[in-house]
Enquirer: 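The structure follows.
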Amino acid sequence: MTNSIEEIEHTDLILAIGTNTTENHPVIGAKVKKAVRSHGAKLIVIDPRDIALTGYADIWLRQRPGTDVAVLNGLMQIIISEDLYDRDYVAARTEGFAELKKTVARYTPEYVEKISGVKAEDLGRAARMYATAGKAAILYCMGMTQHVSGTDNVKSIANLAMLCGKVGIEGGGVNPLRGQNNVQGACDMGALPDVFTAYQKVAVAEQREKFSRAWGVPLPAKPGLTVVEMMHGATEGTIRGMYIMGENPMLSDPDLSHVESALRKLDFLVVQDIFLTETAKLAHVVLPSACFAEKEGTFTNTERRVQRVRKAVSAPGEARADWEIITGLANRFGYPMQYAGPAQIMEEINSLTPSYGGITCSRIEKEGIQWPCPSPDHPGTKFLHGDKFTRGLGLFHAIDYREPAELPDDEYPLLLTTGRVLYHYHTGTMTRLAKGTSERCPESLVEINPQDADRIGIESGKMVVVSSRRGRVTAKAAVTSRSPEGVVFMNFHFREAAVNLLTNPALDPIAKIPEYKVCAVRVEAA
Amino acid sequence: MEEPMIGSIPTMQEIPFFAHQKLRVLRNRGIIDPGKIEEYIARDGYLGLAKALTEMTPAEIIKEVTASGLRGRGGAGFPTGLKWQFCSQSKGDVKYVLCNADEGDPGAFMDRSVLEADPHAVLEGMVIAARAIGAHYGYIYCRAEYPLAIHQLNIAIAQARECGLLGKDILGTGFDFDLEIYQGAGAFVCGEETALMTSIEGKRGMPRPRPPFPAVAGLWGKPSVLNNVETFASVAQIVLKGAAWYASVGTEKSKGTKVFALTGDVNNVGLVEVPMGTTLRTIVYEIGGGIPGGKKFKAAQLGGPSGGCIPAEHLDASVDYEKVAELGAIMGSGGLIVMNEDKCIVDIARFFIDFCQDESCGKCTPCREGTKRMLQILTGITEGKGREGDIELLQEMAVIIKNSSLCGLGQTAPNPILSTIRYFRDEYEAHIREGRCPAGVCTALKRYTVDAEKCTGCGVCAKVCPTKAAKGEKKQPHEIDQATCIKCGVCMEKCKFEAIFVN
Amino acid sequence: MEEKIRITIDGREVTANPEQTILEAARENGIFIPTLCQYADTTNVGACRVCVVEVEKARTLVASCCMPVSAGMVVRTDTKAVRDAQRMIVELLWASGDHNCLVCEKNGNCELQDLVYWLGIEKPRFPIESPGYEIEKTNSMIVRDLNKCVLCGRCVRACNEIQVNEVLDFSLRGSRAKVGPAFDSDYIASECYFCGECVDACPVGAITFAQARFGGRPWELEKVRTTCTYCGVGCQLDLNINKGKIVKVTGNRDYGPPNQGSLCIKGRFAMDFVQHPDRLQRPLIRKNGELTEATWEEAYDLIARNLSAIKEEHGPDSIAGFASARCTNEENYLFQKFMRAVIGTNNVDHCARL
Ligand SMILES: Cc1cc2nc3c(=O)[nH]c(=O)nc-3n(C[C@H](O)[C@H](O)[C@H](O)COP(=O)(O)O)c2cc1C
Ligand code: FES
């Protein structure tokens, strides 16, 4: 997030696009609702599904899944043609406006309506409301990124916010809500194929050498493979060994049957987890690890706040903390790793990571600090891009709408979009073991619009088969107008109805994120 | 106008019921057709509004109303001009004028009567108020149980709009004001000003703490003026005829007239409008025609369920805000129940507290739990389970509940208890110490006794007694066993010799 | 910042901000006024009336939690009238329900109990009459015993103003008034999202955690502050530990950002997995196609041998590693260091994109 969670409550307008905030980030969802109910903030929701936030919204734009760029361009077209954009900001802090203007000019409300199904008049109202609001924060989540056009979507959001001068101010910004507890931290820590900590590039000699010196070994310069590419590599035989720490690609990755055959082809698979997951079952060695309540360390949340994790109970049996397991393994490989504990690891991180330079364990005892925090006396950073962007001037990207990789046709006439529900988390390994959450949501549901259900001849509570070009799953139908006509929604929490058997592994060319949000399926009575 | 020549029919002035009244608020009742705006206009209707809009500034309107001494007729008697002034001083371009037509006091119907018989008078008052404080929208909060009042109001509102007396550009002066009716679900507490506003906002009608006062942050947090029906109905005449005219009747601090709903043990019941300061005796004996059946006057309950009882010794007290409060009652909305000697004072107090505890919204502890417990104690007393110390506990509770409750409901609910203990403590003590209800009302305390002198031992009582409490030897005086007697009274009814009596 | 104003509380002259309530000004100056319905960051409703004080020239006692200070105000918090009122109010509350501390989960952490003790009340003057509601045990997360409810409305405000779920409200009037979901239904049959904010808000034992029942007295529980392991909000929470087990999860409003004490159903009620019997306890090694238990040494050996062999034969880039968005920063740091410095490849990623 460019800005902070607490700013949401006190902003003038919130634009939520591709985020089912109240279910996926309930506490942030509460702040959005509080901003609306108690502080009079306006709320614009852009989402194909009738999510809970629409009940609090001033305007709800119900676009067809995958047409976000068209909608965002449409908003900008209106804002520019009605001269509602922030001229001073655009002039002083950005570049590339001319190209942007040229590109979005085509996206007239009528044209956008044709692509996205959003009424021209509603689009106009939303454009004016956003542009004329004092402070306005954009929230988005996987509904934006999990598309082949994910990067385009994100850039378009940035375009819109910069166009109206709403980045670099308190209560504004573009705010991706990170799905997992420590995605932000994992990225910050360099658990990515092309960067070390704080996005220092492996390909940049100077940065590589810094790490090389600190770690005492030469380091490879060529960026590595992403998750989906690794699976392809395994299938093709270029990847032969794999070490998986605390992940369950057997449920979370797209096109699962492919994942399974890829993992089975490996010469050697190590899985380190707290449960014997679907993935662990395929491993040659399984290492038992401690969970968050059994170890010390830090997590970085979606607003860049680094916070303490504390040991409350002992790990079961011989299970060890992941950091201990890694050091043990490194030592076995003849590479000495000796740390008294996570605090000492953090010291090493501090020394190699400019944005974490001042975030020491003792400083965050009482309250987490938001990076960038370069030195021990720096208070941390509430919102980014205050005076200038990281690259200097903010760059507008002129982007055209592209269709999703797979759209419904005669054979697979419905569009499947996936996501989470409030009561479960990710692949369900943790939440499904809890009595309470399982009681509230015991099984996977296929949400389908009444019109479609009628046509197919199914009703709520009846089992249905959902199939795509890649596979088929069976689950209970929930007939509801939360889903628009032509769209079905499923969550990915249940292995019994593993929705990723259906999803399309088509990737966004830059971010390499699979298109979980759009694929074509057929639904039939089971 | 010529005197009617029919000698045998007295004029209104000759009938005491009318002679002592002064009709201002009720001046049009039964005289005009409420469905015809022309008839209202023919009786100077909307002239006050015309004057206010064309000849007076808002400040002058407020000054006139303040000078008239008009005080809120909804109960608290707050000076209306002052209330308007506070609101006019509040900043904000959105303000509201609200009319309280909830009329929750059981037995009160003056507001309904005004709305049904003279709705335009209320509308006119509201527009004048709107002009005074700078409001452009208003609500009339009327209980849904008043369908005729709502019907008449709807007609009146439509007519006023048509005549340019409501809506945009009223009388061509550029002043806009419109209003709508909000139908309340009829909870007593919704008549309380903050609860009324919460209710219009679509929430559960519960009072909220003040400050902020409605004049600063009322309906939807905007400055608002809330007045009672009768208050609004007095305004146009004040503007038209002047403050001095209005203040020409009444007492030093209570000006004008007040409408009372006179009921109970009195010969003439109904709405009566009298100048402030008229004595209770005049109202009860002259206008009300005295107590039927030659019974004695015991007390008058003034001010509705949370009012107080005024005993015979104060019959000559002047009925005005100050005196009434001094005597432990309240003016309230003007409910006036006359009670004769047959009424048990503890039972009366119990009746009123029962109403209040039932209507308590349940929000604040003293009112919710306190009134319930006071009811319990009073019920105990009427059932012969009173204990030494009950009176003192009731008094302590009453003071604390009045002192610590959130809204006017709890702050006034103990009044009937306090005033009855104040004037009739001996009656309470008779119940508690002697197990006796002096008025003979409390069933559980009745003792049916046989007068041995008169009893012939005929045995009828023993035969009819359903619990075999009445018994005795044939031809011998009978007795009634108090432990098994259920006080049904059949024995007394059937005794041909009047040998059974009750105390 | 507006000018400070001067007021007098219990004979002491103190300064206050004009927007402050009497209660806030008193607290800031170390003067204690008891409260019950007051709940920070929600509307001051003035419902319980426990916080009454005397204010010079006021017609009645005033509820200090919702009365703003004004210049020159003279306040007394400790007069006989104040104490008598507080005592009466607390006695009324006590007598209105089943406040039996013997089996109450809140014993020792109950605001009504504290009030009774503070006021030194031996016994209420009114007969104790519990309303006799059935205890709601229809779900495994929240138990409601309305016989213990003091109708302070904190749960209603927590639900409507903090979580803004708009599920709880009052129903009925007078002493029959109740709090709960619409139509007086139970939680599980309602629209409730089970965030549990109402449980944290309840000052007495009316709304409690089902699974924590008989799991430990308040004074036996050790609270360990940590960061939630679910979504990216990073809520701060307290794991309540008794005898090495997590008994329940509570929010803590003193911790500040990012969640100010609020949690959701997952953070609150989905920690069962920590103590689940299916947790892995020992390393497993595949032998004859079966995963069998092994020692750490055996496991490490096997890994080192196999990965080294692959590296030797196919080069470091034939090995790939998945780090985890579930693990700590320190662990992710070490993992990528391991892949880069020990294995010698940049093939490290995690499912950030999912
Ligand atoms: C419990 C309670 C019930 C009330 N009911 C009424 C009512 O039915 N009608 C009314 O006019 N005022 C009622 N009031 C008084 C109002 O709160 C308010 O003072 C009045 O409407 C203001 O108008 P006025 O100044 O013209 O009297 C009630 C007050 C309380 C505390
Ligand atoms: S704490 Fe002030 S009224 Fe309850």
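Order of the sequence lines fixes the chain letters, A, B, ..., with proteins taken first and strands second; residue numbering starts at 1 for each chain. None of these values were measured; they are calculated from a predicted model.
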Enquirer: Indicate the atoms forming the closest heavy-atom contact of A:D322 with C:C327, along with that distance.
Expert: OD2-SG, 3.6 Å
Enquirer: What is the ring orientation for A:Y243 with C:F335, classed by angle as parallel under 30°, tilted 30 to 60°, or perpendicular over 60°?
Expert: tilted
Enquirer: Does a side-chain N-to-carboxylate-O contact under 4.0 Å join C:D317 and A:K222?
Expert: yes
Enquirer: Side chains of C:H350 and A:L192: closer than 4.5 Å at any heavy-atom pair?
Expert: yes
Enquirer: Any donor and acceptor pair, going by atom type alone, linking the side chain of C:D278 with main-chain N or O of A:F275 inside 3.5 Å?
Expert: no
Enquirer: Flag this pair as yes if the NZ/CZ of A:R320 is under 6.0 angstrom from the six-membered ring centre of C:W296 and inside a 45 degree cone about the axis; otherwise no.
Expert: yes
Enquirer: So for C:Q236, is it side chain, backbone, both, or neither that comes closer than 4.5 Å to the heavy atoms of chain A?
Expert: side chain
Enquirer: Less than 4.0 angstrom from a charged side-chain N to a carboxylate O is my criterion; do A:K295 and C:E330 meet it?
Expert: no
Enquirer: Roughly how far, to the nearest 0.5 Å, is OH of C:Y300 from CZ of A:R332?
Expert: 8.0 Å
Enquirer: At a heavy-atom separation under 4.5 Å, does C:I303 approach chain A through its side chain, its backbone, both, or neither?
Expert: both
Enquirer: Please classify the contact between C:F209 and chain A as side chain, backbone, both or neither, with a heavy-atom cut-off of under 4.5 Å.
Expert: neither
Enquirer: Is C:I142 in contact with chain A via its backbone, its side chain, both, or neither, using a 4.5 Å heavy-atom distance?
Expert: neither
Enquirer: Charged N to carboxylate O below 4.0 Å: is that the case for C:K266 and A:E23?
Expert: no
Enquirer: Under a 4.0 Å threshold between the charged nitrogen and the carboxylate oxygen, would A:E348 count as salt-bridged to C:K337?
Expert: yes
Enquirer: Examine whether an atom of C:N165 lies under 4.5 Å from a heavy atom of chain A, and if so say whether it belongs to the side chain, the backbone or both; otherwise answer neither.
Expert: both
